[in-house]
Amino acid sequence: MSCGRAEELVRALPDRWRTRQRIAVLHVLAECQDFVSAQQLHALMGADGIRVGLTTVYRVLRELEAYGQADVVRDGTGERLYRPRPADGHRHYLICRSCSRSRPVDSEAVEAWAGQVAEATGFAAVEHTVELTGICAGCRPATPGGHEEGSSCR
């Protein structure tokens with residue numbers, strides 16, 4: 001993600017919600033390559049010397065989700081993880097259960113199936129959640145060297 005993507009996220013929020021704290025959260029989130037929890041994002045901000053309350057971080061992430069600007073998955077403990085939604089829309093991801101790295105996957109079949117279910121049942125505004133998890137090549141024990149440790153931000 002780039003600074004340009006952060007600006008897109010800022011523009012997605014109503015003017016009255018564009019505070020210094022919210023904008024700081026959006027800029028740090030836009031730098032993350034993979035899904036991140038609110039607490040991880042808060043820690044990254046603190047490490048950069050950005051003072052924002054954890055409650056504000058949670059609030060901004062919920063707002064992004066509500067405005068369709070963030071993809072959300074749950075980790076193994078049920079904690080919500082966030083990632084800025086790509087400009088081209090909703091995606092599904094395959095997430096490593098070991099290091100949390102994520103990769104977008106082709107999900108045309110899932111989208112078509114959800115549309116068929118909606119049409120067959122007469123439901124409107126149908127939403128769905130599909131979570132695929134596994135162990136990436138870098139985390140599999142048979143892989144020499146393993147994966148790089150550390151945050152996937154920056």
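Quick note: numbers below take in every heavy atom, side chains included, and nothing from hydrogens, waters or symmetry partners. Note that the structure is a prediction, hence the values are computed from the model and not measured.
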Atom pair OH (Tyr93) and CZ (Arg83), whose distance is rounded to the nearest 0.5 Å
4.5 Å

Any salt bridge linking Asp71 with Arg85? Criterion: basic side-chain nitrogen under 4.0 Å from a carboxylate oxygen.
yes

Is Glu131 atom CD crowded by more than 12 heavy atoms from other residues, nucleotides or ligands, each under 6.0 Å away?
yes

Ignoring hydrogens, what is the shortest heavy-atom contact between Val52 and Met45? Give both atom names and the distance.
CG2-CE, 3.7 Å

Between OH of Tyr82 and CZ of Arg62, what distance do you get to the nearest 0.5 Å?
7.0 Å

Minimal non-hydrogen separation, Gln40 against Phe35, with atom names:
OE1-O, 4.4 Å

Validation row: Val117, Val126 side chains within 4.5 angstrom (heavy atoms):
no

Are Val73 and Val130 connected in the hydrophobic side-chain network, where two residues link if heavy atoms are under 4.5 Å apart?
no

Do the side chain of Arg80 and the main chain of Val72 share a donor and acceptor less than 3.5 angstrom apart?
no

Residues Cys139 and Cys96: closest non-hydrogen pair is SG-SG, 3.8 Å

Ignoring hydrogens and geometry beyond distance, is a side-chain donor-acceptor pair present between Arg22 and Thr56 at under 3.5 Å?
no

Atom pair CD (Glu111) and CD (Gln116), whose distance is rounded to the nearest 0.5 Å:
11.5 Å

Is there a donor-acceptor contact under 3.5 Å from the side chain of Asp48 to the main chain of Ile50?
no

Looking only at heavy atoms, the pair that brings Cys32 and Val36 closest together is SG-CG1, 4.1 Å

Mind listing the closest non-hydrogen atom pair of Ser98 and Ile135 along with its distance?
N-CD1, 4.1 Å

Set out, in order, the CA-CA distance, both residues' side-chain angles and the distance that settles side chain to side chain contact (heavy atoms under 4.5 Å, CB included) for Arg103 and Asp34, then state yes or no.
CA-CA 8 Å; Arg103 301 290 179 262; Asp34 290 313; 4.2 Å; yes

Atom CZ of Arg101 and atom CG of Leu94: how far apart are they, to the nearest 0.5 Å?
13.5 Å

Donor-acceptor under 3.5 Å (Arg97 side chain, Thr133 main chain):
yes

So OG of Ser37 and CG of Leu61: to nearest 0.5 Å the spacing works out to 9.0 Å

Shortest non-hydrogen contact from His92 toward Val110:
NE2-CG1, 3.9 Å

State, yes or no, whether a side-chain contact exists between Leu26 and Leu64 at a heavy-atom distance under 4.5 Å.
yes

Measuring only between side-chain heavy atoms, which start at C-beta, is Leu81 closer than 4.5 Å to Ile95?
no

